[in-house]
Amino acid sequence: MSDFILSMSEISKSYPSIGSEKLTVLSSINLSISAGDLIGLTAPSGAGKSTLLHICGLLDTCDSGTINFLGKDMQKASDMTRTLMRRREIGFVYQFHHLLPEFSALENVVLPQLINGKKLEQASERAIELLSLVDLENRASHRPAQLSGGEQQRVALCRAVANEPKILLADEPTGNLDEKTSDKVFEALLLLVELSGMAALIATHNENLAQKMKRRIKLKNGKIFSD
Ligand code: ADP
């Protein structure tokens, strides 16, 4: 068995376009990700970054090719298997935090752990530990509306890694923040990834941030290029 967390082979994806035309977004893509890989994905808007992340994250399917996650063929897997894999092994961060507004920062980090079967006490301990790592221990009882944009995004990071996923997928996680705040969120992301040993695939427009990644790839005309 390979030691890849995720391995995509000859993945293609098109969307319907005008008339009988098709818009090919991904064209026979190959990409393998191992534990500890920290990969920056850069491409112009519309090049297909979100499409690729959604397929990696088992939120969408491809038209052809194979996607193997932890040694299992995900193209052939049932919806239930894909959902469980997504819930247990994959963390997501988006451009907007998508925190639940009526819950505190702590509760937002606790909830996905409860859904995954953890006891409240352990889930709370883990949430406090994570919030402390990103300098938010004093904000644990605040609701999202009482937090700054950077703080909201750091809570979203803690939530994404709360269940100790094997891979973190981030779609422009600092796209909505100013430069200084972006740097702090990015530092928090790198810290959480490094401490856990998980892999991360991070789409960003920000070349400075991309330069901090161990490995960089670009998406152009439906193909992946090493940078
Ligand atoms: P990026 O994340 O790099 O901005 P996306 O993956 O969101 O790019 O989109 C790639 C291309 O596919 C864009 O031209 C977009 O308009 C198109 N697209 C994305 N989702 C759909 C969809 N559900 N139906 C049709 N076209 C889509």
Side-chain angles (χ1 to χ4, degrees), residues 5-33 37-69 74-75 77 79 82-83 85-86 89-99 149 152-153 156-157 159-161 165 167-179 181-182 185-186 189-190 193 198-227:
I5 291 171
L6 174 72
S7 174
M8 304 173 101
S9 171
E10 300 294 318
I11 294 284
S12 295
K13 176 81 178 177
S14 303
Y15 293 114
S17 190
I18 305 159
S20 57
E21 294 277 305
K22 278 195 309 183
L23 172 69
T24 299
V25 180
L26 304 178
S27 175
S28 298
I29 278 188
N30 297 304
L31 177 66
S32 293
I33 303 178
D37 271 351
L38 180 58
I39 308 173
L41 168 65
T42 55
S45 187
K49 296 186 294 299
S50 300
T51 301
L52 180 65
L53 286 171
H54 286 165
I55 292 174
C56 286
L58 311 177
L59 287 166
D60 199 1
T61 51
C62 52
D63 302 332
S64 59
T66 54
I67 172 158
N68 190 294
F69 204 97
M74 285 295 123
Q75 285 296 98
D79 281 351
R82 289 169 64 91
T83 299
M85 197 66 108
R86 197 163 55 232
E89 311 291 3
I90 306 175
F92 291 94
V93 188
Y94 299 95
Q95 184 169 354
F96 299 99
H97 58 81
H98 299 298
L99 296 171
Q152 290 166 343
Q153 204 57 334
L157 279 171
R159 178 186 54 184
V161 304
I167 186 166
L168 177 71
L169 301 172
D171 196 353
E172 299 283 357
T174 61
N176 204 24
L177 304 171
D178 62 58
E179 199 182 324
T181 312
S182 289
V185 167
F186 209 73
L189 188 155
L190 294 183
V193 167
M198 74 181 122
L201 176 60
I202 300 162
T204 179
H205 267 104
N206 187 325
E207 280 291 338
N208 289 337
L209 297 185
Q211 290 304 322
K212 295 184 183 173
M213 317 273 190
K214 288 186 202 154
R215 181 175 156 202
R216 285 178 298 280
I217 55 175
K218 279 194 190 309
L219 190 56
K220 199 175 166 196
N221 299 329
K223 297 277 188 196
I224 282 182
F225 299 89
S226 289
D227 198 12

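Order of appearance sets the numbers: ligands from 1, and atoms from 1 within every ligand. No hydrogens, no waters, no symmetry mates; every other heavy atom, side chains included, goes into these values. Just so it is clear, the structure is predicted and the values come from calculations on it, not from any experiment.
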Could you list the donor-acceptor pairs under 3.5 angstrom formed by side chains in residues 22-31, with sequence neighbours left out?
from : atom 1 : to  : atom 2 : distance (Å)
T24  : OG1    : S14 : OG     : 3.4
S28  : OG     : E10 : OE1    : 3.4
N30  : OD1    : E10 : N      : 2.7
N30  : ND2    : E10 : OE2    : 3.3

Legend entry - Expected output: side-chain R82 to main-chain A77 donor-acceptor under 3.5 Å: no
Legend entry - N/O donor-acceptor pair under 3.5 Å between R216 side chain and E207 backbone: no
Legend entry - Parallel, tilted or perpendicular: rings of H98 and Y94 (30°, 60°): perpendicular
Legend entry - Donor-acceptor pair, side chain of K49 and main chain of L219, under 3.5 angstrom: no
Inset, instruction - For I5 and A199, work out which heavy atoms get closest and say how close. - result: CD1-CB, 3.9 Å
Legend entry - Proximal protein residues to ligand 1, non-hydrogen atoms under 4.0 angstrom: Y15, L23, V25, P44, S45, G46, A47, G48, K49, S50, T51
